[in-house]
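For reference, the structure discussed in these notes is given below.
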Amino acid sequence: VDADVVIVGAGPVGLLLAAELRLAGVGTVVLEREAEPSPHPKALGLHARTVEQLAMRGLAEPFLAGGVRVPAWHFGFLERRLDLGRLDSPYPFLLAFPQHRTEALLAERALALGSTIRRGDPVTGLQQDGGEVRVRTGDGGTWTAGWVVGADGAGSTVRRAAGIGFPGTDADTYAYLGDARADRPPAPGFGVQNERGALIVAPLPGGLLRFTGYDPADQAPDRRELTLDGLREAVGRISGADFGVRDPAWLTRFGNATRVAEAYRRGRVLLAGDAAHMHFPAGGVGLNLGL
Ligand SMILES: Cc1cc2nc3c(=O)[nH]c(=O)nc-3n(C[C@H](O)[C@H](O)[C@H](O)COP(=O)(O)OP(=O)(O)OC[C@H]3O[C@@H](n4cnc5c(N)ncnc54)[C@H](O)[C@@H]3O)c2cc1C
C-alpha cells in the first residue's frame, strides 16, 4: 500500500482534508491533474462558520490579515442586504479572500504536516477489492491505498469510476463575473437589482473589485466567455452608472447546475466537495460547504 488515503484533487477541499488526516496520523497522498495551481480567484467569500473552523486549527490569522471584511452581503442577488454584523460569531462578516490564496495556505499546511502532493498527472480510473483501492493515473502509474477520496470537483473522475450517479438539473440561469479595477468605484457593498438585471460589487484584496450578477439579456447556455466590453456594457446598463471598469484580471460566466451524488461513499471510495454536490456559486456556498 502506497498510502493510507489517496486524495484525488488539490482543490481547497482535498488540501484541507489532507491536513486533517495528517493531524490524525494518517498517511496521505494528494494526486492533482494540473501541473500548476490555478491563478483564478474563483470563490471569494469565506463565511463566519468557515473562519471559525479555521480558527479551531489555529489557521485563521493569515486569512484575517489578508482578507477584506464585508459586513453585509446579498442573498440570491436580491437588493436587500443580510446584516452579517448580527451573527453570534467572533467573525460577524463575510471575509473576501480569493480561492487561489486559500488553496496556497492549505497546501502549505498539508505539506508542513507531512502530506505528499503530486501535481501534473490526472487520475484516470480506479478499482477496489477487499481491503484496498488501486488508482490509475494518465502516465501509467498505479497507487494502492486503503481508501480513496474524490475531491476532484464537479466533473469528478473518481465518482464516475466508482459508479456513483450525480442526478440533478442542468443550468438554465447564468451569471456574469468580472474581477477588475475601476476609475470611479461605487461605495463599498454596492448592489442593485431591477428589471434590467442584478449587480453586486465586492472588494478583493489588492484593490480589485468583483462585479457579478445576473443579466437577463445574456442567458445563452453555450456562451462561456465574457469580454471587458461585455462586462462594461452590462454593468452600465444594469446600474445606470459608469464606474470606469478596466484592467480585468478574470472574466467568466457560471451557471446554476445543481446536482448531488446519489451516495457519498461506495466501499472504500468517498466523495467530498463539489464532487459530491454542486449548485449556483452566487452567495458563496460551494467552497464554504466543502470546507
Ligand atoms: C466563478 C465562481 C465563483 C465562485 N464563488 C464562490 C464563492 O464566493 N464562495 C463559495 O463558497 N464558492 C464559490 N464558488 C464555488 C467554489 O469555487 C467551489 O465550490 C470549490 O472550488 C470546490 O472545491 P473542491 O476542492 O471541492 O473542488 P475544485 O476546486 O473544483 O478542485 C478540484 C481539483 O481536482 C482536480 N482534478 C479534477 N479532475 C482530476 C483528475 N482526474 N485527477 C486529478 N485531479 C483532478 C482539479 O484540477 C482541481 O484542482 C465559485 C465557483 C465559481 C466557478
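Indexing begins at 1, ligand by ligand and atom by atom, following the structure's order. Position 1 is the first residue of the sequence; numbering continues from there.
- Protein residues having a heavy atom under 4.0 Å from any atom of ligand 1 are Val8, Gly9, Gly11, Pro12, Val13, Leu31, Glu32, Arg33, Glu34, Lys42, Ala43, Leu44, Gly45, Gln99, Pro122, Val123, Ala151, Asp152, Gly153, Thr157, Leu177, Trp250, Phe254, Gly273, Asp274, Pro281, Gly284, Val285, Gly286, Leu287, Asn288, listed by chain and number.
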In residues 177-190, what donor-acceptor pairs under 3.5 Å come from side-chain atoms, sequence neighbours left out?
residue	atom	partner	partner atom	Å
Asp179	OD1	Arg210	NE	2.8
Asp179	OD2	Arg210	NH2	3.0
Arg181	NH1	Gly206	O	3.3
Asp183	OD1	Arg246	NE	2.6
Asp183	OD1	Arg246	NH2	3.3
Arg184	NE	Asp242	O	3.1
Arg184	NH2	Asp242	OD1	3.4
Arg184	NH2	Asp242	OD2	3.2

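- Ring centroid separation for the pair Phe280 and Phe254 comes in under the 6.0 Å cut-off.
- Considering only residues two or more places apart in sequence or on other chains, Trp250 meets the ring pair (Phe, Tyr, Trp, His ring centres under 6.0 Å) condition with His40.
- Below 30°, between 30° and 60°, or above 60°: for His277 and His279 the angle between ring planes is below 30°, a parallel geometry.
- Side-chain atoms of Arg33 do not come within 3.5 Å of backbone N or O of Ala10 as any donor-acceptor pair.
- Residues satisfying the side chain to side chain donor-acceptor pair (under 3.5 Å) test with Arg57, not counting sequence neighbours, are Glu20.
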